[in-house]
Undergrad: 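I am attaching a structure below and will ask some questions about it afterwards.
Side-chain atoms are counted along with the backbone in the values below, which use heavy atoms only and exclude waters and symmetry mates. Residue numbers start from 1 in every chain, and the chains themselves are labelled A, B, ... in the order their sequence lines are given, proteins ahead of strands. Since this is a predicted model, take the numbers as computed values, not measurements.
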Number of protein chains: 2
Amino acid sequence: MKDVGVDVVSAQPVEALTADRVAVALRAAILQGHLMPGTRLKDVQLAAQFQVSRNTLRDAIRQLTSDGLVTTQLHIGSAVRILTEDDARDIYAVRRALETAAILGSSRATREQLTSISRAVNLASDANHNSRWRDVGTASLEFHQALVGLCGSPRLDAFFANILAQLRLVFSVMPDESEFQFEWVARDAQLASLILAGRRADAAAELDRYLESSEALIIDAIRASRAKAFPRRDSALIEGQTIQ
Amino acid sequence: MKDVGVDVVSAQPVEALTADRVAVALRAAILQGHLMPGTRLKDVQLAAQFQVSRNTLRDAIRQLTSDGLVTTQLHIGSAVRILTEDDARDIYAVRRALETAAILGSSRATREQLTSISRAVNLASDANHNSRWRDVGTASLEFHQALVGLCGSPRLDAFFANILAQLRLVFSVMPDESEFQFEWVARDAQLASLILAGRRADAAAELDRYLESSEALIIDAIRASRAKAFPRRDSALIEGQTIQ
DNA sequence: TTGCCTTTATTGTTGAACAATCTCTAGTCT
DNA sequence: AGACTAGAGATTGTTCAACAATAAAGGCAA
């Protein structure tokens, strides 16, 4: 039985609902790839692993479901969500809408918002030089999160964080994340410089090209991983751990 | 003890989680103003009303909390959320971002998306002529929902529906919704005609003015209702049904 | 009045139990 | 053999009763 990180639960602050702490731990396990898409989430098993009641664990799963990281079918159960090509397209539609809006409205950005942008870019660059590719990926996502942060809207921030979490879920089925990310660091930096220079129209155009290529690459990767997952129609599923 | 709509629960389709049905019923009760902002949601009491276990009712409340319609404090309890001035400003920031993005990207809208826009405008106009002001309000909100629908993104649609639900929560504390809405029907129609004519820049500008006035009006109303709710510092709360 | 203690109500969490439903296997029939 | 049916087993959905933990309310003394 795979360990999913019970320590993460106890590491959470005490002044929080147990279900929330479990949800945080489960979310981390999913986003770090310890629970691959398609993995069944059986409540009894997970409740035992997290040393938590079945009820509270179901609460946690419910949260992840509303976050779009888990699918639940009545009387069939929950599983880590398998994001389809359409989902990826939708995610990029959201990115286009929000990030463009952020850039176009960046005229009234505060100094802190702008510095958090450059900080994310620097982090990505550092990680890139040190060949820490996982950190490159997260830093790049943080850059785009900071981008949306230009809107200054907590609700948009929370929503976009959720969207990026789903995007990470797409990443987790990719062959290897290593050389996948490094191309984007330079483009992130260029985008940031355009924004900081106040050249909003140019930045918006560059963002559009950026998202175009990124989306195309990811959709290709999804198709490849799907072809790999289902080479023939009669291939048996391993251990019955996946549904759909 | 006020009835909150048990029939709404049993009216839901059977092939759904009980907690979901309760959540739908509770959400309706909140948005229709049967449960005013600040009302405590005690789980035992509500569980009895809905003839449902305490556990599942807590599940429902959890959903509404993640939807932003209910606030929950550890060991203190849940209550219908009281949206502040800052919340209203944030909601309008989201509206600006999403509706503007929808208009600017409306060049590749489908015929169905455009017809759903005109349909919402017509509904609002009809309701306005028949002086059914509550319907006017909902139709107007549906119009703006259809506007965001131009993006063709299910995720944006769901998020925006949630935002509009919170906006309705703000409306529910307004003095009277009657003459409040009728002004906007004409502007909705104008906005729609600009969009249907493909004059996107003009539509975006009009939308900006629209949201500006709407936000100002609502913030004024919030201040007024706050002043009315707390006329003096030592006024006693009625029945202890409100917190914060 | 202020501060402290006790009571009380409400919430947070658990474990066991039961019903409902799906899945898989075995067997039966044609 | 192949298709259909029945039933066992597993998993989920829901409930209930209980207990612990905490916050709010009330009483008492200084």
Undergrad: When you check the side-chain N and O atoms of T56(A) and T18(A), is any donor under 3.5 Å from an acceptor?
TA: no
Undergrad: Which residues pass the salt bridge (Lys or Arg N to Asp or Glu O under 4.0 Å) test with R96(B), not counting sequence neighbours?
TA: E212(B), E215(B)
Undergrad: Scan nucleotides 16-21 of chain D nucleotide by nucleotide, 5' to 3', and note B when protein non-hydrogen atoms come under 4.0 Å of the base, S if they reach only the sugar-phosphate, - if neither.
TA: B-B---
Undergrad: Just checking, any donor-acceptor pair under 3.5 angstrom between side chains of D135(B) and T138(B)?
TA: no
Undergrad: My understanding is that only residues two or more places apart in sequence, or in another chain, count here; which of them pass side-chain contact (heavy atoms from CB on, under 4.5 Å) with A101(B)?
TA: A97(A)
Undergrad: Using a 4.0 Å heavy-atom cut-off, does L57(B) contact any base of the nucleic acid, only the sugar-phosphate backbone, or nothing at all?
TA: nothing
Undergrad: Going by salt bridge (Lys or Arg N to Asp or Glu O under 4.0 Å), name the residues that satisfy it together with R62(A), two or more places apart in sequence or in a different chain.
TA: D20(B), D59(B)
Undergrad: Looking for any heavy atom pair under 4.0 Å, which part of the strands does I61(B) touch: base, sugar-phosphate only, or nothing?
TA: nothing
Undergrad: Report the distance from atom CZ of R40(A) to atom P of dA10(D), rounded to the nearest whole Å.
TA: 14 Å
Undergrad: Atom CZ of R58(B) and atom C1' of dT15(D): how far apart are they, to the nearest Å?
TA: 15 Å
Undergrad: Strictly by modelled atom types, are Q166(B) and R155(A) linked by a side-chain donor-acceptor pair under 3.5 Å?
TA: yes
Undergrad: Reading DNA chain C 5' to 3', which nucleotide is the first, and which the last, to come under 4.0 Å of any heavy atom in chain A?
TA: dG12(C) to dC22(C)
Undergrad: Would you name the heavy atoms of L141(A) and L164(A) that are closest together and state the gap between them?
TA: O-CD1, 3.4 Å
Undergrad: Please state whether the phosphate of dG13(D), meaning OP1 or OP2, lies under 4.0 angstrom from any side-chain nitrogen or oxygen of T18(B).
TA: no
Undergrad: If you look only at pairs with a residue in residues 146-167 of chain A, which of them pass as a ring-ring contact (aromatic ring centres under 6.0 Å, His included), with sequence neighbours excluded?
TA: F159(A)-F159(B)
